[in-house]
Protein chains: 2
Amino acid sequence: MTPIVESFVLHFGEMGSRWGFNRTVGQMYALLVVSKDPLTANQLAEELNISRGNVSMGIKELQSWQLICTKHIPGDRKEYYLALGSIWDMAMKVFEERRKREVDPTLSMLRGALLQKSGNDKDAYAQEKLHEIHDLLETVTTWSHELQSMNPDKLNTLMKLGSGVGKVLDFKEKVLKKSS
Amino acid sequence: MTPIVESFVLHFGEMGSRWGFNRTVGQMYALLVVSKDPLTANQLAEELNISRGNVSMGIKELQSWQLICTKHIPGDRKEYYLALGSIWDMAMKVFEERRKREVDPTLSMLRGALLQKSGNDKDAYAQEKLHEIHDLLETVTTWSHELQSMNPDKLNTLMKLGSGVGKVLDFKEKVLKKSS
DNA sequence: CTAAAGTTTCAATATTTTCTGAAAGTTTAA
DNA sequence: TTAAACTTTCAGAAAATATTGAAACTTTAG
């Protein structure tokens with residue numbers, strides 16, 4: 001690994017734990033992302049100085065996140081691994097996967113709690129709060145689903161527009177009112 | 001704790017680790033959120049069955065996230081704790097804090113790596129990828145900053161609009177073109 | 001079918017993170 | 001100033017998580 005690649009890989013490893021996977025999985029993924037050519041499990045183990053078994057588990061994890069794919073080279077029995085898709089695709093995958101793991105279970109727990117009859121004052125207050133949290137999470141999840149289903153170019157336009165989107169909303173209101 | 005509150009507190013504790021703090025901190029926060037009246041450190045320790053020292057550390061953590069505040073009751077020497085602001089405020093705080101911890105350090109690492117002269121082909125390819133990641137993270141951070149600076153009502157309108165926002169963007173284009 | 005090349009599994013070990021509780025620190029009423 | 005009431009700190013214990021490596025498993029060329 002060159003110094004540039006190494007510092008990226010190490011940083012991504014540390015960050016990995018915050019982003020939902022462990023250090024070595026983060027490092028493996030980082031290395032695959034910046035490698036033009038696919039790598040074998042043994043190459044990963046060697047470059048990162050980790051055990052072959054650990055690489056095998058890491059690969060399984062990255063596959064469960066659908067972040068890497070396998071490539072076979074004719075006449076070679078080894079499996080080669082490759083980061084999947086564009087940076088944009090990767091970001092979407094991570095985002096989606098985290099929503100599944102962090103938000104969805106909470107939403108279903110909240111739905112359950114809101115179905116219970118509140119027995120007393122304390123419960124009534126608690127349920128009010130749970131309701132607010134539920135509604136917020138639901139709005140945000142629905143929204144993020146919809147954003148993800150948008151064409152990436154349009155989404156990019158939207159993001160670049162930034163808070164300017166407020167003006168566009170006003171603008172639409174105004175024009176609609178005039179024409180009515 | 002009533003059963004409803006307890007299941008919320010336990011769930012939030014487990015989830016807490018995914019959301020950036022540890023189990024007991026998550027539980028403490030959950031309990032404060034659904035409690036109408038402020039609680040003392042001792043009450044937290046007792047309700048959650050954790051040590052007084054752990055509560056003290058948890059409080060410090062929650063304060064560093066600016067998620068709770070202190071209240072004094074006249075004639076009482078104890079400190080009372082209270083979840084801060086509305087659910088919306090809380091979500092914003094958590095979101096912002098996570099951005100600071102998860103994204104900002106990566107952005108500065110990437111900026112550093114992009115300043116290096118790439119020595120060879122491998123580095124050149126790696127830097128291309130780093131560049132893409134950098135640009136994406138920057139766009140997203142800037143956008144989220146701007147969304148956060150918007151008036152919450154407008155932001156809510158925007159979210160409820162969902163992917164319909166694409167149509168509004170088209171609409172604006174069309175009207176502007178006509179009038180030019 | 002056999003054995004070589006490769007991959008996965010998982011019990012044991014190492015590392016990291018969290019939690020406890022006793023001691024030290026702080027504040028205030030008297 | 002003192003001591004009671006309360007809070008914080010932090011070294012060590014406990015719990016959770018990650019990692020290794022050897023054995024078991026799988027695949028395929030011959």
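Heavy atoms only: backbone and side chains are in, while hydrogens, waters and symmetry mates are out.
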Under 4.0 Å between a side-chain nitrogen and a carboxylate oxygen: does that hold for [X] and [Y]?
{"X": "B:K154", "Y": "A:D170", "value": "yes"}
{"X": "B:E132", "Y": "B:K129", "value": "yes"}
{"X": "B:R98", "Y": "A:E102", "value": "yes"}
{"X": "A:K36", "Y": "B:E128", "value": "no"}

Should A:V140 and B:W88 be regarded as members of a common hydrophobic cluster, given that ILVMFWY residues are connected when their side-chain heavy atoms come within less than 4.5 Å of each other, either directly or indirectly?
->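 Yes.
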Phosphate OP1/OP2 of D:dT26 contacted by A:R77 side-chain N/O (<4.0 Å) = no
So, is A:T24 near the phosphate of D:dT19, with a side-chain N or O under 4.0 Å from OP1 or OP2?
-> yes
Does any residue of residues 57-70 of chain A have a heavy atom under 4.0 Å from DNA chain C, and if so, which ones, in number order?
->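 Residues of residues 57-70 of chain A under 4.0 Å from DNA chain C: A:M57, A:K60.
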If I take atom [atom1] in residue [X] and atom [atom2] in nucleotide [N], what distance separates them, rounded to the nearest angstrom?
{"X": "A:F21", "N": "D:dT19", "atom1": "CZ", "atom2": "P", "answer": "13 Å"}
{"X": "B:R18", "N": "D:dT17", "atom1": "CZ", "atom2": "P", "answer": "10 Å"}
{"X": "A:E14", "N": "D:dA18", "atom1": "CD", "atom2": "P", "answer": "13 Å"}
{"X": "A:L48", "N": "D:dA18", "atom1": "CG", "atom2": "P", "answer": "17 Å"}
{"X": "A:Q27", "N": "D:dT19", "atom1": "CD", "atom2": "C1'", "answer": "12 Å"}
{"X": "A:K78", "N": "D:dT27", "atom1": "NZ", "atom2": "C1'", "answer": "14 Å"}

Using modelled atom types only, decide if a donor and an acceptor are shared between the side chain of B:Q127 and the backbone of B:K122 within a distance under 3.5 Å.
->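 Flag not set: sc B:Q127 to bb B:K122 has no pair under 3.5 Å.
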Report, as yes or no, whether the 6.0 Å neighbourhood of atom CG on B:N120 holds more than 12 heavy atoms from other residues, nucleotides or ligands.
-> yes
A:N151 atom CG, neighbour heavy-atom count above 12 within 6.0 Å | yes
Mind checking whether B:F12 and B:F21 have parallel, tilted or perpendicular rings, split at 30° and 60°?
->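 Taking B:F21 first and then B:F12, their aromatic rings lie parallel (interplane angle under 30°).
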Tell me which of B:N54 and A:E79 sits closer to the 5' end of DNA chain C, going by the nucleotide each one is nearest to.
-> A:E79
Go through the N and O atoms of the side chain of A:R52 and the base of D:dA22, and report whether any donor-acceptor pair is under 3.5 Å.
->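 There is none.
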Helix axis bend for the helix from C:dC1-D:dG30 to C:dA30-D:dT1 - C1'-based end axes, five pairs, 10° rounding |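 One end's axis against the other's: 10°.
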Quick one: how far along DNA chain C does chain B reach, first to last nucleotide 5' to 3', anything under 4.0 Å to a heavy atom?
-> C:dT18 to C:dT28
Has B:R18 got its NZ or CZ under 6.0 Å from the middle of the six-membered ring of A:W19, at an angle within 45 degrees of the ring axis?
-> no
Residues A:S17 and A:R23: side-chain donor-acceptor under 3.5 angstrom =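 No pair is found: no donor N or O on one side chain lies under 3.5 Å from an acceptor on the other.
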